[in-house]
Amino acid sequence: MKKTFLTLAIALLAGSMAFAQKPSQGTFTTEVNFIPFSIQETPISITGLKGRYFINDNLAARLTLGFGFNTEKNHAFTTPGTTPEVEQTTTSKFNTFNIAPGIEYHFGNWEKTSLYCGLELSFGMNKASEKIENANFISGTTVEIKGQNANGDRSASTFGVNLFTGVDYYITESLYMGAEFGLGFHSSKQKEVETTVAGTTVTEKDYGQNSGFGVIFNPAIRLGWKF
């Protein structure tokens, strides 16, 4: 019975792979970008979501959402033997969000493989902050910083224009994997920094700006589903 079930399952999978076909007009696909077994991240780190709608057999509109959330907490203590013993706690946060609308043109006559190229615009926001409790080992003293943290992260707004090319390979009728890379221009402008100590806030308006142009490569695995 088990052998019969296994044989049937293999036959169904093989059949679905044999008849896998790339999208046509009216098809909607969604996918996730994730990094498996990353050493510095969680075992599986999802870094973005993307949806596509095929206007016709070759042309698709797409919308990509990128995001990241990172919180670090460090503890420090007064020198052993010092009285009273005070614990200083530093919590650093850095969150990112990005939205990128775009257009893709798919070409080629392969049933399972879809090559494409396209253009997208990217708009993003980075938010950095830090909170130090018992700052300088003085009990009850709190320092709050909005706009940067001790890791060198800064709050900023970002903009980019990307030309890309990629490939989707349909493992089954609905499931596909893919890769993508391209050329892009990006620009960012840092936000002001606000430091609050004992209810008094000091604002630094030393804005930083940077821009660049170069190759864009997505190291994450793209795994998608066709509806």
Side-chain angles (χ1 to χ4, degrees), residues 31-51 63-101 120-162 184-212 214 216-222:
E31 68 182 55
V32 295
N33 291 352
F34 67 95
I35 303 174
F37 310 114
S38 174
I39 296 177
Q40 297 180 345
E41 304 289 344
T42 55
I44 296 180
S45 178
I46 297 177
T47 61
L49 302 171
K50 183 171 71 178
L63 183 67
T64 303
L65 299 177
F67 46 82
F69 307 97
N70 184 60
T71 299
E72 294 183 10
K73 182 172 284 189
N74 296 306
H75 302 268
F77 298 87
T78 49
T79 304
T82 302
T83 303
E85 182 180 274
V86 178
E87 177 185 359
Q88 175 182 280
T89 304
T90 302
T91 304
S92 300
K93 296 182 179 181
F94 185 58
N95 302 326
T96 63
F97 177 77
N98 180 270
I99 184 169
E120 70 177 0
L121 302 178
S122 176
F123 307 91
M125 185 69 66
N126 302 334
K127 186 177 181 181
S129 65
E130 187 167 277
K131 183 177 181 180
I132 307 173
E133 299 173 89
N134 297 333
N136 298 317
F137 302 102
I138 301 174
S139 296
T141 300
T142 300
V143 176
E144 294 188 71
I145 304 172
K146 296 180 180 180
Q148 70 177 13
N149 59 37
N151 296 325
D153 301 316
R154 286 289 300 268
S155 295
S157 57
T158 63
F159 171 74
V161 180
N162 305 321
F185 166 82
H186 75 272
S187 175
S188 68
K189 182 178 181 180
Q190 293 177 344
K191 301 293 185 179
E192 62 187 19
V193 177
E194 295 182 354
T195 303
T196 302
V197 182
T200 301
T201 300
V202 177
T203 302
E204 299 178 29
K205 296 185 178 181
D206 182 17
Y207 300 120
Q209 291 182 283
N210 67 75
S211 60
I216 298 173
F217 174 71
N218 184 0
I221 296 175
R222 295 174 48 240

Return the minimal non-hydrogen interatomic distance between [X] and [Y], and the atom names on each side.
X    : Y    : value
V143 : A135 : CG2-CB, 3.6 Å
L65  : I99  : CD2-CG1, 3.7 Å
S122 : A100 : CA-CB, 4.1 Å
K73  : T91  : CE-OG1, 3.3 Å
S92  : N151 : CB-ND2, 4.1 Å
V86  : S139 : CG2-OG, 3.7 Å

Next on the checklist: Measuring only between side-chain heavy atoms, which start at C-beta, is T158 closer than 4.5 Å to N126?
Outcome noted: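 Touching, per the 4.5 Å side-chain cut-off.
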Checklist entry - For F77, what residues pass the ring pair (Phe, Tyr, Trp, His ring centres under 6.0 Å) criterion, not counting sequence neighbours? => result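 Listed in chain order: nothing, the list is empty.
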Item to check | Residue pair N210 / S188, side-chain donor-acceptor N/O under 3.5 Å | outcome: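 Indeed, the side chains of N210 and S188 share at least one donor-acceptor pair under 3.5 Å.
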Is there a donor-acceptor contact under 3.5 Å from the side chain of [X] to the main chain of [Y]?
X    : Y    : result
R154 : K191 : yes
N134 : E87  : yes
S155 : A128 : yes
N149 : K93  : yes

Between atom [atom1] of [X] and atom [atom2] of [Y], what is the distance when rounded to the nearest 0.5 Å?
X    : Y    : atom1 : atom2 : value
E194 : K205 : CD    : NZ    : 9.5 Å
F97  : F69  : CZ    : CZ    : 8.5 Å
H75  : Q88  : NE2   : CD    : 11.0 Å
F137 : I132 : CZ    : CD1   : 10.5 Å
F94  : T71  : CZ    : OG1   : 12.0 Å
M125 : N95  : CE    : CG    : 12.5 Å

Checklist entry - In terms of side-chain geometry, is the basic nitrogen of K50 or E31 positioned less than 4.0 Å from the acidic oxygen of its partner? => result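 Between E31 and K50 there is a salt bridge, with a charged N closer than 4.0 Å to a carboxylate O.
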Checklist entry - Which residue pairs satisfy the salt bridge (Lys or Arg N to Asp or Glu O under 4.0 Å) criterion with at least one member in residues 120-133, sequence neighbours excluded? => result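 Counting only pairs at least two positions apart or across chains, the salt bridge (Lys or Arg N to Asp or Glu O under 4.0 Å) contacts touching residues 120-133 are R62-E120.
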